[in-house]
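Bear in mind the structure is a predicted one, so any value in this text is a computation, not a measurement. Note that ligands are numbered from 1 as they come in the structure, with each ligand's atoms numbered from 1 the same way.
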Amino acid sequence: MLEIKIEKTQNPKPIPGPDNPLVFGTIFTDHMFEMDYTKGKGWHDPRIVPYHEISLEPSAMVFHYGQEMFEGLKAYPTEDGRILLFRPDKNIERANNSNRRLMIPEIPADIFLEALKELVKIDQAWIPDRPGTSLYIRPFVIATDPFLGVRPSDTYKFMIILSPVGPYYEEGLDPVKIWIEDSYVRAVRGGIGEAKTGGNYVASLAAQVKAHEEGYSQVLWLDGVERKYIEEVGAMNIFFKIDGTVVTPMLNGSILPGVTRDTCIQLCKSWGLPVEERKISVQELEEAARTGKLEECWGSGTAAVISPVGHLRYEDDVFQIGDGGIGPVSQKLYDTVTGIQLGKVKDEFGWTVEVK
Ligand SMILES: *Cc1c(COP(=O)(O)O)cnc(C)c1O
């Protein structure tokens, strides 16, 4: 394995105090990881250096054709002073699946994991210790060839930055309202929907703004072909509990395979709940809501872990979920996943990795 060179900052920044709300994605720590790729040479010069601005030619390919991949995970502080990562192997595997789809060279898993651990260790003083806070980790790769032709780049930069984040929920789980989008689509099978890349997000902005204007916080996407089947929420996967069964859309090529999604499926199965990964039509949801069988709905993702859904809106219909409060499965998943992440609940699946 390549050796990571370490250069510590001479000018550490002030660490945010306990009163800082730590708004998501606004504060960055003292250090970052960098590694370069050159065709013929492979990935080289892994290093942890002071957090800095980067300089690129205006012609750098990432600016023009969007060849980039990103990931998102968190480091969690435990009460006994350890720091845990949650299933980082899944993020690394998914990063390389995304890379293959986007014609970005794969990143060796061993150096990726070592970079995550070393960087978090160096900036561990930035991990907040108020309940619910954590250190968000953003690995990403950009194409850097200075060239306006369309082809995969021959050079890339891989970086990891860290950002302390406040609690997603200030006071307990809070149900959200979700807008089912019937005209814009996010992704189609065969496209890049299952890769974690900026292009999927820019495709979603217009619908997100529209939903916000209507008073909805999130967009639920339908399949791009028939616009009939449920896909996901754009930064979260979606689950329903219909008549006692947990159902989530099957991975069909246009849905992002969330680590939290997989975690929810494994936990629900371990509790003896029936779980189905299959196609779910809007019509099925409409009928389940009408007959009182739509018992629960929640989104799953690294940021919120579990985001209970209070109601769904489709065109002029509103589908009420359960009693509009937080369902028992949503609550149990939230408590179990966050408990494992914080080292409070026994990690029977071996999901956590110690940074120290
Ligand atoms: C990251 C992401 C998710 C959630 O994935 P997790 O690994 O659970 O955080 C869901 N959908 C999209 C489009 C995403 O980018």
Heavy-atom contact check, 4.0 Å cutoff: does [X] meet ligand 1?
| X | answer |
| --- | --- |
| N237 | yes |
| R94 | yes |
| E71 | no |
| G72 | no |

Do Y37 and F158 have their ring centres less than 6.0 Å from each other?
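Aromatic pair excluded; centres sit 6.0 Å or further apart.
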
Ring centroid separation for Y201 and F70, is it under 6.0 angstrom?
yes

Ligand 1 to [X] polar contact by distance, N or O atoms, under 3.5 Å:
| X | answer |
| --- | --- |
| E232 | yes |
| V259 | yes |
| R261 | no |
| S300 | no |
| N91 | no |

Assess whether a salt bridge exists between [X] and [Y], defined as any Lys/Arg side-chain N lying under 4.0 Å from an Asp/Glu carboxylate O.
| X | Y | result |
| --- | --- | --- |
| E232 | R186 | yes |
| E214 | K210 | no |
| K121 | E118 | yes |
| D36 | R47 | yes |
| E277 | R261 | yes |
| D145 | R151 | yes |

How far is [atom] from the closest protein heavy atom, and which atom is that?
| atom | result |
| --- | --- |
| atom 14 (C) of ligand 1 | K196 NZ, 3.0 Å |
| atom 8 (O) of ligand 1 | T260 OG1, 2.6 Å |
| atom 13 (C) of ligand 1 | G234 O, 2.7 Å |
| atom 9 (O) of ligand 1 | T302 OG1, 2.6 Å |

Can you tell which of T263, T352, T302 makes a side chain to side chain donor-acceptor pair (under 3.5 Å) with R87?
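The passing option is T263.
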
Which segment of M236 sits under 4.0 Å of ligand 1 when only heavy atoms are counted
backbone

Measure E231 to ligand 1 on non-hydrogen atoms and call it side chain, backbone, both or neither using the 4.0 Å cut-off.
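The answer is neither.
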
Can you sort out which atoms of ligand 1 are near G258, meaning under 4.0 Å from one of its heavy atoms?
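The atoms of ligand 1 under 4.0 Å from a heavy atom of G258 are 5 (O), 6 (P), 7 (O), 8 (O).
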
If you count the atoms of ligand 1 from 1 in the order shown, which ones are under 4.0 Å from a heavy atom of Y201?
12 (C), 13 (C), 14 (C), 15 (O)

Winner among G299, A195, S98, A235 once heavy atoms are compared against atom 4 (C) of ligand 1:
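Comparing heavy atoms across G299, A195, S98, A235, the nearest one to atom 4 (C) of ligand 1 lies in A235.
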
Closest contact, heavy atoms only, Y156 versus Q67:
OH-NE2, 2.9 Å

When hydrophobic residues are tied together by side-chain contacts of less than 4.5 Å, even through go-betweens, does F28 share a cluster with F33?
no

